[in-house]
Amino acid sequence: MASDEAAKLKAFVGSIIILWLTKREILFRTHSSTDLTVRSVGSMVTLAGWVHRRRDHGGLIFIDLRDRDGLVQVVFDPRVSAEGHGAAATLRNEYVIQVWGQIGRRPAGTENPRLHTGEIELIGQGCRILNASRTPPFYINEDVEVEEALRLKYRYLDLRRQRMKENVILRHQTVKCLRDFLNARGFLEIETPILIKSTPEGARDFLVPSRLHGGKFYALPQSPQQMKQLLMVAGLERYYQMARCFRDEDLRADRQPEFTQLDLEMSFVGQEDVLGLMEDMFICLAETVKPSMKLLKPIPRLTYDEAVARYGTDKPDVRFGMELRDLTGIVAGSNFGVFRNAIRGGGKVRGICASGCGSYTRGQLDDLIELTKGYGAKGLVALALMAGPVGLAVDPASSAAAKFIGLEEVRAMAALFGAREGDLLLIVADQATVVDRALDQLRREMGRRLGLIDPSVLAVVFVVDFPLFEWNEEEKRWDAKHHPFTAPKEEHIHLLDSAPGSVKSWAYDVVCNGYEISSGSIRIHQRELQEKIFGLLGYSRERVQTLFGHLLEALEYGAPPHGGIAPGIDRMVMILAGEENIREVIPFPKNQSGYDLLFDAPSDVSVEQLDELHIVAKKEG
RNA sequence: GGCCCCGUGGUGUAGCGGUCUAACAUGCCACCCUGUCACGGUGGAGAUCGGGGGUUCAAAUCCCCCCGGGGUCGCCA
């Protein structure tokens with residue numbers, strides 16, 4: 001009988017209540033703050049948490065009690081409990097306390113609509129300090145900017161703050177959503193080792209000395225790339241893991257030496273299968289964890305060439321336009337030395353049009369010029385468009401170059417941009433890669449300045465058809481653009497020897513709001529082709545055998561066609577959280593110099609430890 | 001390694017050659033206050049202005065070096 005069970009349950013709950021009324025140290029709390037609603041009014045509860053804020057009215061004392069889930073107001077009235085009131089008077093911020101009493105509806109007119117529990121309060125009968133707290137080094141209960149070094153040193157306090165707590169929770173929800181999504185599609189979550197073999201291509205490896213094999217080292221994985229391919233050879237068909245990756249390179253706002261990728265790999269798939277899966281996954285993710293943000297769907301595709309031509313980069317922020325235009329043809333016969341020389345040197349002249357910026361002051365223009373120079377360009381030609389006697393003309397005040405630019409050229413440029421009077425053309429002339437990099441950064445800056453960026457938009461775009469190789473000028477050789485296991489497009493394989501630079505690959509990126517958030521490819525699954533690629537990359541036969549012999553051998557045992565991708569968790573969560581720094585979504589990050597300010601790592605170790613590892617440390621300096 | 005920015009009570013800022021015996025907000029401490037919710041009121045303590053050197057009659061303020069932090073270029077297959 002249902003009513004019987006209800007009665008039993010009631011009796012059981014009653015006995016629990018008696019237990020905690022007498023032995024509160026056994027049962028710390030009966031509810032969390034979010035358990036409490038108007039329906040709780042009248043019930044006796046015990047709560048535990050931190051003193052978020054204390055408002056002492058002399059007579060009444062209000063305590064905002066914070067636990068992980070939220071805040072609830074506790075009111076201590078000496079007429080209810082003199083003892084409780086007395087104890088409450090000694091409380092300070094961040095004390096950990098246990099409070100008990102009855103849940104009451106707040107008096108009419110004193111409800112707080114900004115609080116989830118704003119209609120009720122705990123009428124405090126007693127209060128026990130579980131642990132006092134020193135005055136924190138910065139505010140826990142207010143969202144004010146604090147020097148990041150201090151936040152990192154006291155990260156355990158920083159994480160108590162609402163913003164960080166929300167980010168940690170968002171990260172959990174993101175990871176859970178991704179796991180749920182992939183589990184439902186037949187993926188197996190498989191762990192791979194952290195101690196692996198160093199293959200000194202790409203990023204620098206973190207090395208781990210071996211005690212058992214003196215003088216030898218493990219490396220930490222830059223990604224589980226080869227292992228996931230071997231899992232495909234193993235016939236597991238669909239794999240993923242939340243993989244920690246390590247790269248010993250300099251840090252940036254979006255780069256930490258260790259980071260997390262949703263590493264995944266699939267057998268019997270082509271590019272469209274992987275991208276289709278990603279499209280579903282990103283839509284599912286956005287709708288699940290950030291329904292307030294707008295993800296543009298279907299997710300558009302850009303070829304690498306198209307992305308570079310229109311935005312100057314393979315990771316464009318497509319939340320706004322202001323696309324690049326190539327002016328090389330228009331100014332091919334220019335008298336302007338800067339343009340002429342660039343073109344003669346095999347370079348390009350490209351630009352963007354900043355609408356309505358024709359009235360920029362000298363100072364503002366100089367600012368943009370400096371910015372451009374900072375990205376390697378020799379300069380920036382800024383042409384403000386104004387009404388001339390016959391149609392558009394350049395405001396001579398905007399640029400010393402104005403007098404060298406013919407009216408015909410100006411009008412052709414304006415037409416290409418669709419520019420009007422009052423607009424500002426920003427033009428860079430140099431080698432194509434320099435021009436593109438400078439204009440990409442300039443475009444981002446102008447997008448920010450002009451408020452063209454809608455922060456609630458998730459502009460995800462797939463970039464496809466990456467080149468297989470990239471010329472390394474320093475080493476005078478071809479490097480893999482993605483990684484050496486990437487499959488070339490079948491129709492380009494015949495170009496491998498004759499024109500390696502024009503070989504396109506089955507590599508693809510996922511870009512969101514100007515950040516590369518995933519990178520993947522269809523892999524080579526045949527030994528011959530893989531060996532050929534290694535050869536083109538300049539690896540000797542011996543080196544290939546030493547570094548990749550195991551993989552090549554595996555490809556000979558019925559390796560299925562396979563491919564995958566690895567979305568970067570930190571960057572994705574950063575974007576979803578509306579943060580501009582990856583550290584805001586990592587509980588315990590390193591600072592810009594790779595130092596852990598909380599643990600003081602890296603640190604010295606004892607001579608004994610080094611001895612065991614067969615290592616002699618050189619003294620710095 | 002290069003370039004740019006920052007460093008002032010616990011926190012966040014102002015001050016940018018003399019009026020600084022360093023200001024403001026908040027926090028902290030004490031007292032007052034029975035419906036607040038960033039409670040309010042009164043009073044108080046708290047800073048050798050990141051460190052060192054220099055210029056000057058005079059430096060938080062100008063210059064140099066160092067340290068710490070952030071951003072970025074290189075680097076990140």
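Chain A is the first sequence line, chain B the second, and so forth, proteins listed ahead of strands; every chain is numbered from 1. Predicted model, so just to flag it, every value in this text is computed and none were measured.
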Ring pair (Phe, Tyr, Trp, His ring centres under 6.0 Å) against A/His57, all qualifying residues, sequence neighbours excluded: A/Phe62
Any N/O donor-acceptor pair, A/Gln73 side-chain to B/U36 base, under 3.5 Å: yes
Listed nucleotide nearest any side-chain atom of A/Arg106, set B/C37, B/C39, B/U11: B/C37
Contacts of type ring pair (Phe, Tyr, Trp, His ring centres under 6.0 Å), residue A/Phe485, not counting sequence neighbours: A/His483, A/Phe548
Contact letters for nucleotides 68-74 of chain B, in which S counts primed atoms plus P, OP1 and OP2 and B counts the base, heavy atoms under 4.0 Å: -SBBBBB
Nucleic acid contacts - residues 81-95 of chain A versus RNA chain B, non-hydrogen atoms under 4.0 Å: A/Arg92, A/Asn93
Inter-nucleotide P distance (B/G18, B/A59), Å rounded: 11 Å
G-U wobble or Watson-Crick pairing nucleotide for B/C62 (cut-off 3.5 Å, both distances): B/G54
Pair listing, salt bridge (charged side-chain N to carboxylate O under 4.0 Å, His left out) test, anchored in residues 75-85 of chain A, at least two apart: A/Asp77-A/Arg79
Salt-bridge criterion met for A/Asp205 and A/Arg247 (N-O under 4.0 Å): no
Test side-chain contact (heavy atoms from CB on, under 4.5 Å) applied to A/Cys127 and A/Val74, A/Val99, A/Ile63, A/Leu65, the passing residue: A/Val99
Is_stacked (A/His57, B/C39) at 5.5 Å, 30 deg: yes
A/Gln441 side chain to A/Glu445 side chain, donor-acceptor N/O pair below 3.5 angstrom: no
Filtered N/O pairs between nucleotides 40-50 of chain B and protein, under 3.5 Å:
none

